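Given the structure is predicted, the values throughout are model-derived calculations rather than measurements.
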Amino acid sequence: MDLYFKLLGMPVFTMNDVEGLYGNIHTARSGVKRLIDKGMVMKIRNNLYTCKSGETLEPVANPYRIATEIAKDSFVSHYSALEYYGYANKKIDEMYVGSGVNFKNFTFHGKEYVRIKPRISAGVVMDGNVRITNRERTLLDSIKDMDRVAGVEEVMRSVVKMKGIREDRLVGYLDLYDNQFLYQKTGYILSASHNTLGLSDAFYAMCAEKAGKSTRYLSNANKDGRFVARWSLVVPRNLFA
């Protein structure tokens, strides 16, 4: 029981953390196994554990904290970050985790932790004990990978809720990604929320200039759409329905 109360102070812990309490890896393993057998500790994945609350019988660690502790560089990203900031419209069963460390997707307590390899390193911050992309990086990542993690409609619904987005950060991250299609999609999607986001006309002109002239589909999920000349995009007909 003494070990359980000590571990309660570490929402997510490894066997190395427990060894630090005992000074002996064999004793640490025995102690954790005993608590698992008693239903007081839960194994998240290999060498990652959390205590079970005696009051709620739920894991002490929430999914955002777990995502932060999967690897030394792991962070909450994409639709999961939108959910964290309160912009998502629905709860999903996936937790999207950015990490340069190649780990296999796994499921814990009904949530699947899905790794997405990051393309840039900028825009990752600590919010308390949670490592997460900031709002601007979250916005761009969600647009960039919308077919994979949410879909264009969910991204649009989230964007209209966003406020206080810093234009200089968006420009900086777009420059790092250096992707014509991302400029194209970003310009179109954010222009639909111009009044909400307060971005300048110069921002949209920059997106249009760097988007190139190629005609693309906004979403691979829906090829039946209408053509938007300014952005050379074919967008779903019922997008704003």
Side-chain angles (χ1 to χ4, degrees), residues 1-88 90-118 120-138 141-142 149-150:
M1 290 296 290
D2 289 342
L3 176 60
Y4 171 76
F5 288 116
K6 289 178 181 178
L7 295 177
L8 278 175
M10 295 183 275
V12 180
F13 60 89
T14 67
M15 200 61 71
N16 291 337
D17 295 324
V18 185
E19 182 185 5
L21 298 175
Y22 280 118
N24 184 293
I25 188 62
H26 300 294
T27 306
R29 288 171 179 163
S30 297
V32 171
K33 183 180 184 305
R34 187 166 55 251
L35 291 176
I36 290 176
D37 291 342
K38 291 182 178 179
M40 301 169 74
V41 163
M42 306 172 72
K43 182 178 180 179
I44 299 171
R45 66 187 296 263
N46 289 339
N47 199 29
L48 206 63
Y49 306 86
T50 186
C51 288
K52 182 184 288 187
S53 169
E55 296 179 358
T56 66
L57 302 181
E58 294 291 311
V60 170
N62 66 46
Y64 305 109
R65 186 65 186 276
I66 292 173
T68 301
E69 301 294 340
I70 292 173
K72 290 184 178 179
D73 70 337
S74 59
F75 55 89
V76 180
S77 70
H78 291 76
Y79 198 77
S80 299
L82 287 174
E83 185 180 274
Y84 180 89
Y85 289 125
Y87 300 132
K90 63 181 182 180
K91 297 283 186 180
I92 61 175
D93 294 330
E94 292 80 24
M95 171 61 64
Y96 294 105
V97 184
S99 178
V101 176
N102 187 13
F103 66 84
K104 291 183 179 180
N105 297 349
F106 65 92
T107 300
F108 172 72
H109 205 62
K111 182 82 72 173
E112 183 182 11
Y113 292 78
V114 180
R115 175 186 177 249
I116 296 180
K117 183 179 180 180
I120 64 174
S121 59
V124 179
V125 299
M126 288 298 297
D127 187 19
N129 292 319
V130 174
R131 192 181 300 111
I132 188 170
T133 50
N134 63 24
R135 286 167 171 78
E136 291 79 10
R137 167 84 186 270
T138 298
D141 284 351
S142 297
V149 302

Legend entry - Tyr22 vs Leu3, side chain to side chain contact (heavy atoms under 4.5 Å, CB included): CA-CA, chis, key distance, verdict: CA-CA 9 Å; Tyr22 280 118; Leu3 176 60; 3.5 Å; yes
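- Between the side chain of Ser74 and the backbone N or O of Thr68, at least one donor-acceptor pair lies under 3.5 Å.
- Taking CG of Asp73 as the reference point, atom OG of Ser121 lies at 10.0 Å (rounded to 0.5 Å).
- Within the 3.5 Å criterion, the main-chain N or O of Met15 finds a donor-acceptor partner in the side chain of Asn47.
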Inset, instruction - Check the pair Asp141, Thr138 against side chain to side chain donor-acceptor pair (under 3.5 Å), reporting the backbone distance first and the verdict last. - result: CA-CA 5 Å; Asp141 284 351; Thr138 298; over 6 Å; no
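- Between Pro118 and Arg137, some side-chain heavy-atom pair lies under the 4.5 Å cut-off.
- Residues Leu82 and Ser142 are in side-chain contact: their nearest non-hydrogen atoms beyond the backbone lie under 4.5 Å apart.
- For the pair Val18/Tyr49, no side-chain contact is recorded, criterion being any heavy-atom separation below 4.5 Å from C-beta on.
- Between the Arg65 side chain and the Val12 main chain, no donor and acceptor come within less than 3.5 Å of each other.
- To the nearest 0.5 Å, the span separating OG1 on Thr107 from NE2 on His109 amounts to 12.5 Å.
- Taking 4.5 Å as the limit, every side-chain heavy atom of Val124 sits out of range of all side-chain heavy atoms of Ile132.
- Looking at heavy atoms from C-beta onward, Arg131 lies in side-chain contact with Met126 at the 4.5 angstrom threshold.
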Legend entry - Steps toward side chain to side chain donor-acceptor pair (under 3.5 Å) verdict (Tyr64, Glu83): CA-CA 10 Å; Tyr64 305 109; Glu83 185 180 274; 2.9 Å; yes
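- Using modelled atom types, no side-chain atom of Lys52 and backbone atom of Ile36 make a donor-acceptor pair closer than 3.5 Å.
- What you find for Tyr113 and Phe103 is that their closest heavy atoms are O-CE1, 4.3 Å.
- Here the straight-line distance linking atom CG of Leu48 with atom NZ of Lys43 works out to 10.0 Å at 0.5 Å rounding.
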Legend entry - Residue pair Thr50, Val41: steps toward the side chain to side chain contact (heavy atoms under 4.5 Å, CB included) verdict: CA-CA 6 Å; Thr50 186; Val41 163; over 6 Å; no
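- Using a 4.0 Å cut-off between charged side-chain N and carboxylate O, Lys33 and Asp37 make a salt bridge.
- Residue Ser80 comes nearest to Met95 through the heavy atom pair OG-CA, 3.3 Å, listed as atom of the first residue, atom of the second, then distance.
- Val76 approaches Val130 most closely through the heavy-atom pair CG2-CG1, 4.0 Å.
- Distance check: His78 NE2 to Ile92 CD1 gives 11.0 Å after rounding to the nearest 0.5 Å.
- Arg45 has its side chain out of reach of Lys104: every pair of non-hydrogen atoms, C-beta onward, lies at least 4.5 Å apart.
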Inset, instruction - Decide yes or no on side chain to side chain contact (heavy atoms under 4.5 Å, CB included) for Val60 and Leu7, but give the supporting numbers first. - result: CA-CA 10 Å; Val60 170; Leu7 295 177; over 6 Å; no
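- More than 12 heavy atoms of other residues, nucleotides or ligands shown are found within 6.0 angstrom of CG on Asn16.
- Proximity of Arg34 to Tyr4: side-chain heavy atoms (C-beta onward) are nowhere separated by under 4.5 Å.
- Across all non-hydrogen atoms, the minimal contact from Tyr79 to Val149 is CB-O, 4.0 Å.
- Smallest separation of non-hydrogen atoms from Thr133 and Tyr85: O-OH, 2.7 Å.
- Contact of the Asn105 side chain with the Glu112 side chain is registered, since non-hydrogen atoms from C-beta on lie closer than 4.5 Å.
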Inset, instruction - Assess whether side chain to side chain contact (heavy atoms under 4.5 Å, CB included) is satisfied between Phe106 and Ile44, documenting all intermediate values. - result: CA-CA 9 Å; Phe106 65 92; Ile44 299 171; 3.7 Å; yes
